[in-house]
Visitor: 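The following block contains the structure, expressed as structure tokens.
Here is how names work: the chains are called A, B, and so on, in the same order as the sequence lines, proteins then strands, and each is numbered from 1.
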Amino acid sequence: MSSEAARHLRALELPVVDAARELVGCTISHGPCSGVIAETEAYHDSEPACHAFVGLTARTATLFEAPGIAYVYRSYGIHFLLNVVVEAEGVGAAVLIRALAPLEGIGLMQERRGRERLTDLCSGPGKLTQALGIGLDLNASSLLSGPIRLGPPPPEASEPCAVVVATRIGITRAVELPWRFCVAGSRHVSKPWPPGLLR
DNA sequence: CATGGGATTGACT
DNA sequence: GTCAATCCCATGC
């Protein structure tokens with residue numbers, strides 16, 4: 001593998017906020033379905049919005065594992081949310097994947113979601129796991145060896161995409177941290193859109 | 001051991 | 001704009 005193609009892997013070693021920015025534009029795949037990451041958020045055990053803030057528990061154990069592991073958990077009793085564990089083993093840090101631009105397996109994603117429009121398939125953290133067929137059974141699985149794969153940006157993306165930075169959404173604590181990263185101009189980003197996303 | 005709340009979504013007023 | 005669905009786990013009694 002060339003050093004260019006390994007950039008998304010080196011991101012896993014970075015501080016989580018840098019990793020979250022670097023992972024925007026990379027790809028996530030599961031089976032025949034894949035998409036380009038359009039939105040991420042960073043979470044770190046040093047701040048109270050992160051599940052790992054409470055320390056090592058049965059729930060948070062995955063967050064403290066080695067970089068490149070998937071942390072999948074159930075949200076609001078209904079949805080599954082996918083995170084990429086980053087930083088050194090023993091540190092509770094992860095990048096929440098909040099949105100994808102659908103790439104492959106779109107028919108299956110439409111079927112799983114019960115929606116037709118591309119912007120309704122993966123424009124939210126619970127939507128994209130439903131579209132890709134990701135459940136709790138994949139918690140603690142490796143994103144480097146599958147079944148879920150983290151890959152480099154698609155070849156047609158020659159330039160690194162412009163990224164809009166904003167505060168995280170859907171949380172009640174540490175709301176002031178600007179740890180949300182969105183592809184500028186992308187309508188696949190989850191709502192509410194950050195200021196200046198389009199334009 | 002009982003309970004409250006959450007990194008959400010979709011339907012409805 | 002509001003609100004319910006639904007379940008695991010962390011917390012507190």
Visitor: How close do A/Val24 and A/Cys161 get, heavy atom to heavy atom, and via which atoms?
Guide: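 Looking at all heavy atoms of both residues, the shortest contact is CG1-SG, 4.0 Å.
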Visitor: Could you give me the CA-CA distance, side-chain angles and deciding distance for A/Tyr43 and A/His51, then say whether side-chain contact (heavy atoms from CB on, under 4.5 Å) is met?
Guide: CA-CA 8 Å; A/Tyr43 287 87; A/His51 292 168; over 6 Å; no
Visitor: Within the 4.0 Å heavy-atom criterion, would you say A/Arg115 contacts the bases, only the backbone, or no part of the nucleic acid?
Guide: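 It contacts sugar-phosphate atoms only.
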Visitor: Starting from C1' on B/dA11, measure out to NZ on A/Lys127 and report it in whole angstrom.
Guide: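 One finds 13 Å between C1' of B/dA11 and NZ of A/Lys127, rounded.
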Visitor: If we count only N and O atoms by modelled type, under 3.5 Å, do the side chains of A/Ser186 and A/His188 hold a donor and an acceptor together?
Guide: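 Judged by distance alone, the side chains do not pair up.
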Visitor: Do A/Tyr76 and the base of C/dA5 stack face to face, with centres under 5.5 Å apart and an angle between planes under 30°?
Guide: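 Whether judged by distance or by angle, A/Tyr76 falls short somewhere, so it does not stack on the base of C/dA5.
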Visitor: Roughly, in whole Å, what's the span from CG in A/Leu128 to P in B/dT9?
Guide: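 These atoms are roughly 8 Å apart.
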Visitor: Decide yes or no on side-chain contact (heavy atoms from CB on, under 4.5 Å) for A/Tyr73 and A/Asn83, but give the supporting numbers first.
Guide: CA-CA 9 Å; A/Tyr73 73 97; A/Asn83 296 254; 3.7 Å; yes
Visitor: Nearest nucleotide by nearest heavy atom, which residue falls closer to the 5' end of DNA chain B, A/Thr172 or A/Gly124?
Guide: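 Its nearest nucleotide lies further toward 5', so the answer is A/Thr172.
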Visitor: Would you please confirm or rule out a distance under 4.0 Å between OP1 or OP2 of B/dT8 and any side-chain N or O of A/Arg74?
Guide: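 It does not, given that no N or O in the side chain of A/Arg74 lies less than 4.0 Å from OP1 or OP2 of B/dT8.
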Visitor: Should the heavy atoms of other residues, nucleotides or ligands under 6.0 Å from CZ of A/Arg112 be counted, would the total exceed 12?
Guide: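 Yes, enclosed.
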Visitor: DNA chain C: A/His79 or A/Leu136, which has the more 5' nearest nucleotide?
Guide: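 The residue mapped nearer the 5' terminus is A/His79.
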Visitor: What nucleic acid atoms does A/Arg113 come within less than 4.0 Å of, heavy atoms only: base, sugar-phosphate, or nothing?
Guide: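 It contacts sugar-phosphate atoms only.
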Visitor: Round to the nearest Å and state the distance from A/His51 atom NE2 to B/dT8 atom C1'.
Guide: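 Going from A/His51 (NE2) to B/dT8 (C1'), I get 12 Å.
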Visitor: Using purine N1 to pyrimidine N3 plus N6-O4 or O6-N4 for Watson-Crick, or N1-O2 and O6-N3 for G-U wobble, each under 3.5 Å, what pairs with B/dA7?
Guide: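 With both distances under 3.5 Å required, B/dA7 matches none.
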Visitor: Which part of the nucleic acid, if any, lies within reach of A/Thr57 when heavy atoms closer than 4.0 Å are counted: base, sugar-phosphate only, or nothing?
Guide: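 Contact class for A/Thr57: sugar-phosphate only.
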Visitor: Rounded to whole angstroms, how far apart are CZ on A/Phe53 and P on B/dG6?
Guide: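 Computing the A/Phe53:CZ to B/dG6:P distance gives 15 Å.
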Visitor: Separation of A/Arg180 atom CZ from B/dT8 atom C1', in whole Å?
Guide: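 The distance from CZ of A/Arg180 to C1' of B/dT8 comes to 13 Å, rounded to the nearest Å.
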Visitor: Sticking with atom C1', work out how far B/dG5 lies from C/dC3, rounded to a whole angstrom.
Guide: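 Pairwise C1' distance, B/dG5 against C/dC3, rounds to 16 Å.
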Visitor: In whole Å, measure the gap between the C1' atoms of B/dG10 and C/dC8 for me.
Guide: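 Going atom to atom, C1' in each nucleotide, I get 22 Å.
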Visitor: Figure out the CD1/C1' separation between A/Ile171 and B/dG5, and round it to whole Å.
Guide: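 Value for this atom pair: 15 Å.
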Visitor: Figure out the CG/P separation between A/Leu121 and B/dT9, and round it to whole Å.
Guide: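 Between P of B/dT9 and CG of A/Leu121: 13 Å.
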Visitor: Within this structure, what is the CD1-to-P distance between A/Ile78 and C/dC8, rounded to whole angstrom?
Guide: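 Rounded to whole Å, this separation is 12 Å.
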Visitor: Considering only the P atoms, how many Å lie between C/dA4 and B/dG4, rounded to the nearest integer?
Guide: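 C/dA4 and B/dG4 have their P atoms separated by 16 Å.
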Visitor: When we call it a touch if two heavy atoms are under 4.0 Å apart, what does A/Arg168 touch: a base, just sugar-phosphate, or nothing?
Guide: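 Counting heavy atoms under 4.0 Å across all strands, no contact is made by A/Arg168.
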